[in-house]
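First comes the structure, then the notes that go with it.
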Amino acid sequence: MTQLHLKPTMEAPMLIEIGQGLFYAEGGVRFLGAHLMTRMSVVVLPDGGVAVISPLLPSPPLIGALRALGPVRHLMSPNKIHNQGLPGMAAAFPEAQIWASPGLIERRPGLTYAGTLGDRPRPDWAPVMDQHLTRGNLFFSEVVFFHRASRTLIVADLVENITEATIGGGFARAAARAGHILGRPLPSPEFRMYTDDAEAAAASLDAIAAWRFERILMAHGEIITETAQETFAGLRDFLVEEVRRRPAWRRSLYRHLAARQ
């Protein structure tokens, strides 16, 4: 699979506060010739430290903004293809612990990891965030977070909300339409393609929906601030039915491709 290459969309990306200790910053992604917005989430911890989810490539203004917010304690990869910002951020914040998503250590072995994320939040962030590891995917699992105070679901590729404003170029728009992701919140095409166990995926998404969130803060696309639960329920049903109806030949093809990743 082609890797994502992160490039800042602004010379000076700044942290934007959602509220109650949750911030984000935006950059850009180049993927198969398309330009997409990407976003990292930043959570203030009870001790005043900071956890960064899906780190962007560092820049002096972004590093300065993070340092002003508090000491960076943790750098997290929510899934194994959201990792390009980790080396630079780790160099900028050598005191931070790096937390891998399943499969990342094998994919990017050159970093020193504190551990691999799963269903249980670590003590440092358990008072402010819960987490759940998605299942049923052949290629990658994703660690999804729930920021309790702001009632925000934090995701990477489980939910994309791609619009005309967050994608550039005619080819990119055509590809987004072909993947049914333009103007409709859905999992990324890769996440959908490699989801193979409909029942395991449904159970994971139902566990996530039980958090009763009010917004969805994703890596790609417009933040969902209204009818977040209803939107997620529709996304869940779409994904599960898509997998259940997948013909045997396509299922076999996707399994073959996943095995070669």
Side-chain angles (χ1 to χ4, degrees), residues 1-4 29 31-32 36 38-39 41 53-54 76-84 86 99-108 113 115-121 130-146 153-162 175-176 178-181 184-211 213 216-221 231-261:
M1 177 177 291
T2 303
Q3 288 283 314
L4 300 180
V29 170
F31 181 53
L32 297 179
L36 298 175
T38 192
R39 186 179 289 115
S41 300
I53 304 169
S54 291
M76 305 183 195
S77 164
N79 67 52
K80 68 182 184 181
I81 62 175
H82 271 258
N83 63 71
Q84 288 74 18
L86 279 176
W99 295 93
S101 48
L104 178 63
I105 295 175
E106 296 79 10
R107 193 173 184 87
R108 190 179 279 276
Y113 296 94
T116 300
L117 299 170
D119 282 326
R120 302 185 68 177
D130 207 341
Q131 68 191 60
H132 181 78
L133 181 65
T134 65
R135 292 172 171 83
N137 194 291
L138 296 168
F139 177 58
F140 64 85
S141 297
E142 179 166 306
V143 184
V144 178
F145 298 91
F146 175 56
L153 188 68
I154 303 172
V155 302
D157 294 323
L158 177 60
V159 184
E160 294 186 343
N161 188 26
I162 306 300
H180 305 289
I181 60 170
R184 180 176 187 178
L186 285 176
S188 72
E190 296 89 351
F191 193 97
R192 287 161 47 204
M193 176 176 166
Y194 291 119
T195 298
D196 188 66
D197 186 332
E199 305 317 311
S204 287
L205 299 186
D206 289 344
I208 292 167
W211 283 329
F213 44 87
I216 304 175
L217 177 63
M218 69 285 292
H220 311 300
T231 297
F232 191 82
L235 175 151
R236 178 260 192 214
D237 292 345
F238 183 98
L239 176 65
V240 171
E241 287 306 308
E242 183 178 52
V243 176
R244 284 174 176 164
R245 295 176 181 177
R246 184 170 294 159
W249 68 267
R250 183 169 290 174
R251 188 180 299 270
S252 178
L253 172 63
Y254 292 166
R255 288 174 178 173
H256 175 73
L257 293 173
R260 299 184 63 183
Q261 298 297 328

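In this text, all values refer to a predicted model and were calculated from it rather than measured experimentally.
Partners of Ala203 according to the side-chain contact (heavy atoms from CB on, under 4.5 Å) rule, which considers only residues two or more places apart in sequence or in another chain, do not exist here. Taking the salt bridge (charged side-chain N to carboxylate O under 4.0 Å, His left out) definition, one finds that Arg260 meets it with nothing, sequence neighbours left out. Remark: Arg120 pairs with no residue by the side-chain contact (heavy atoms from CB on, under 4.5 Å) rule, at least two apart or across chains. Under the rule for a salt bridge (charged side-chain N to carboxylate O under 4.0 Å, His left out), the partners of Glu199 that lie at least two apart in sequence or sit in another chain are Arg244. Partners of Tyr254 by ring pair (Phe, Tyr, Trp, His ring centres under 6.0 Å), not counting sequence neighbours: none found. Residues satisfying the side chain to side chain donor-acceptor pair (under 3.5 Å) criterion with Thr134, sequence neighbours excluded, are absent altogether. For Asp206, the side-chain contact (heavy atoms from CB on, under 4.5 Å) partners at least two apart in sequence or on another chain are Arg236. Partners of Phe191 according to the ring pair (Phe, Tyr, Trp, His ring centres under 6.0 Å) rule, which considers only residues two or more places apart in sequence or in another chain, are Phe140. Residues satisfying the side-chain contact (heavy atoms from CB on, under 4.5 Å) criterion with Ser252, sequence neighbours excluded, are absent altogether. Among residues two or more places apart in sequence or in another chain, the side chain to side chain donor-acceptor pair (under 3.5 Å) test is passed with Arg250 by none. Evaluation of the ring pair (Phe, Tyr, Trp, His ring centres under 6.0 Å) rule for Tyr113 yields no partner, not counting sequence neighbours. For Asp119, the salt bridge (charged side-chain N to carboxylate O under 4.0 Å, His left out) partners two or more places apart in sequence, or in a different chain, are Arg135.
Note that NE2 of His132 and OG of Ser204 are 3.5 Å apart. Values are rounded to the nearest 0.5 Å. The CG atom of Asp157 lies 12.5 Å from the NZ atom of Lys80; values are rounded to the nearest 0.5 Å. Here the NE2 atom belonging to His220 is positioned 7.5 Å from the OG atom belonging to Ser54, to the nearest 0.5 angstrom. Note that the CZ atom of Phe146 and the CD1 atom of Ile208 stand 12.0 Å from one another [nearest 0.5 Å]. Atom CG of residue Leu153 and atom CG of residue Asp130 lie 11.0 Å apart, to the nearest 0.5 angstrom. Considering CG of Leu239 and OG1 of Thr195, their distance stands at 4.5 Å, rounded to 0.5 Å.
Heavy atoms only, all atoms of each residue included: Val144 and Trp211 are closest at O-CH2, 3.7 Å. The minimum heavy-atom distance linking Ala156 with Glu142 is given by the pair N-OE2, 2.8 Å. Looking at every heavy atom in both residues, Leu133 comes nearest to Gly118 through CB-C, 4.1 Å. Across every non-hydrogen atom of Pro187 and Arg192, the tightest pair is O-CD, 3.2 Å.
Arg251 places a side-chain N or O within 3.5 Å of a backbone atom of Asp196 that can act as its donor or acceptor partner.
Exactly one residue among Thr116, Leu117, Leu86 makes a side-chain contact (heavy atoms from CB on, under 4.5 Å) with Leu104. That residue is Leu86.
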Inset, instruction - Given side-chain contact (heavy atoms from CB on, under 4.5 Å), test Leu257 with Leu253 step by step and report yes or no. - result: CA-CA 6 Å; Leu257 293 173; Leu253 172 63; 4.2 Å; yes

Inset, instruction - Determine, stepwise, if the pair Leu158 / Leu205 fulfils side-chain contact (heavy atoms from CB on, under 4.5 Å). - result: CA-CA 10 Å; Leu158 177 60; Leu205 299 186; 3.7 Å; yes

Legend entry - Ile154 and Gln131: CA distance, side-chain angles, deciding distance, side-chain contact (heavy atoms from CB on, under 4.5 Å) verdict: CA-CA 9 Å; Ile154 303 172; Gln131 68 191 60; over 6 Å; no

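Using a 4.5 Å cut-off on side-chain heavy atoms (C-beta onward), Pro189 and Glu160 make contact. In this structure, the side chains of Leu138 and Met193 stay at 4.5 Å or more apart for every pair of heavy atoms. In this structure the side chain of Pro78 never reaches within 4.5 angstrom of the side chain of Val155, judged on heavy atoms.
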